[in-house]
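Please read the structure below before turning to the comments.
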Amino acid sequence: MSPMSFELRDRDLLGRIGKLTVKGKTLETPAFMPVVNPMIQTIAPRRLKDEFGCDILITNSYIIRNHFLDVPNLELHKLLDYDGIVMTDSGAYQILVYGEVEVTQPQIIDWQKKIGSDISVILDIPTGWDIPRDEVEYTVEKTLQRAREALPLIEGSDNLWVGPIQGGKHLDLVEKSAKAVGEMPFDLHALGSPTEVMERYMYPVLVDMAMTAKIHAPVERPIHLFGAGHPNIFAMCVAMGYDLFDSAAYALFAKDERYLTVRGTLQFKDLKYLPCSCPICRNKSPEDLAVLPRGERQRLIAEHNMHVTMAEMETIKQAIVEGNLWDLVETRAKGHAQMTAALKRLSKYDKYLEEGSDGFKGRGLFYYDYHSIHKPEVIRHQDQLLGSYRRPADKSILVLMSEPKNRPFSGNQGFIKLRKRMNDNRVHYCFVAAPYGLVPANLAETYPLSQFEMAKPLDHETIQYTTENVRQYMEKYPHEHVVLILKDTPLEEALLEKLGDLVNSENIIKSEELGGEDTMESLEKLLRSFN
Ligand SMILES: [Zn+2]
């Protein structure tokens with residue numbers, strides 16, 4: 001349809017760094033676009049670009065049309081005094097708030113073309129919140145009908161056009177909406193109306209909505225999350241594959257004297273310190289701000305809010321480059337109980353997140369607790385062990401060992417000594433290590449098994465998961481004999497309990513040191529008895 005390019009530069013989980021080009025202007029994604037009301041400019045658009053690094057903003061074409069319909073040759077970028085990319089909404093938000101708008105779809109499409117919008121939206125019908133299912137169905141159907149009707153009107157336009165996805169919390173309808181609009185030649189997609197879900201802190205619901213839309217929309221097109229403006233949820237939303245965000249939160253929160261941080265929102269009156277390194281917070285104290293006239297203080301809080309918002313996008317992009325976006329998501333999820341609940345919900349989709357991730361980032365991995373067992377590297381390891389991995393041939397004895405302290409495990413001097421002394425070709429040596437489960441000695445030098453650290457003591461879920469993975473491997477590759485060389489730790493005790501029926505109790509060796517004389521003698525004796 002229109003000459004858009006969207007190149008991917010890097011990725012982690014479903015998150016991606018992309019380069020979006022429209023009408024000769026480029027934008028790096030993921031990107032946040034501040035909502036700018038042309039009538040009330042909290043921060044002038046030119047300053048948003050020059051001082052805050054906003055290469056894109058969003059404004060409302062319906063409001064502009066109401067005020068400037070009669071102005072000849074109105075040009076949006078001139079009106080806003082802004083030379084970045086301007087996205088325009090169509091008035092759909094006003095439908096959500098006021099129930100209707102006094103404009104037809106052909107009129108608002110024509111207007112968005114005429115004023116030189118770069119990214120434009122059809123006149124969709126947002127799904128509200130807490131409305132009966134038949135009304136939700138109506139918004140989905142009506143939006144799809146509007147999308148079909150829009151196609152001939154936007155053909156040949158050099159604006160990029162957004163095909164909105166509706167359905168609210170009804171995931172089957174979100175799926176239907178995403179699939180149907182995804183088949184139409186739109187440039188981008190956007191998930192509509194999650195604002196209320198976010199305002200009510202229903203982040204787990206947001207995860208379900210966002211993942212459903214993402215899974216069923218065309219992956220090669222950028223996807224926008226309407227109305228997501230709090231920096232604490234950006235990392236999770238980027239991890240779910242969202243590229244664009246818009247919100248007026250920076251200004252609306254400032255009007256209530258609320259100070260944004262990546263860990264949540266603080267009331268300005270409660271601030272004894274300004275825990276931020278933006279220019280406002282570096283040059284002012286809470287006392288300085290408190291004595292300013294109200295409007296001036298709110299303007300400065302809005303500026304701080306914008307700085308925090310933009311800085312979080314940089315943090316996220318760096319995490320994508322480093323391949324530790326999941327760690328950032330876990331960290332941000334600690335800011336609110338409902339965010340942690342959302343992280344738990346997100347783990348349901350770990351297969352999808354794994355598929356998006358590159359296999360090798362070359363950096364050591366940290367595992368903190370059971371949230372971390374959903375990291376792509378852990379999922380992938382178990383898939384490979386039970387899938388493409390082939391156990392070394394002719395092995396009839398499985399020797400399972402507690403993980404040594406150093407990495408790679410196979411470089412442990414005790415292990416080297418033990419293997420040399422046994423000199424037994426029948427043995428398949430494997431380490432047991434949380435969270436992976438089983439680490440065959442011949443894979444221990446490969447990434448990521450060679451570079452990881454798991455926080456101890458382990459929690460119950462991690463022990464369960466680890467031992468379950470070991471059990472699955474033992475089931476897939478039955479051995480004539482299984483020996484456990486175990487240390488005295490909770491993982492080992494749980495392992496013993498779980499594998500008890502798979503391992504003869506006489507084949508369990510308690511050992512402090514793999515290369516220790518007692519351990520080696522016991523193993524030697526067992527191997528001899530297997531003749
Ligand atoms: Zn600040």
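Both backbone and side-chain heavy atoms feed into the values below; hydrogens, waters and symmetry mates do not. Counting convention: from 1, in listed order, for ligands and their atoms alike.
The backbone N or O of Phe452 sits less than 3.5 Å from a side-chain atom of Arg407, completing a donor-acceptor pair.
For Arg299 and Glu303, the salt-bridge test passes: some basic side-chain N is under 4.0 Å from an acidic carboxylate O. With respect to Lys317 and Asp10, no salt bridge is recorded, no charged nitrogen being found less than 4.0 Å from a carboxylate O. A salt bridge between Arg16 and Asp243 is present, with a side-chain N of the basic residue lying under 4.0 Å from a carboxylate O of the acidic one. Using a 4.0 Å cut-off between charged side-chain N and carboxylate O, Arg297 and Glu257 make a salt bridge.
For Glu175, the side-chain contact (heavy atoms from CB on, under 4.5 Å) test picks out Lys179, Thr212, His216, with sequence neighbours left out.
Distances under 2.8 Å from the Zn ion (ligand 1) pick out the protein N/O/S atoms Cys276 SG, Cys278 SG, Cys281 SG, His304 ND1.
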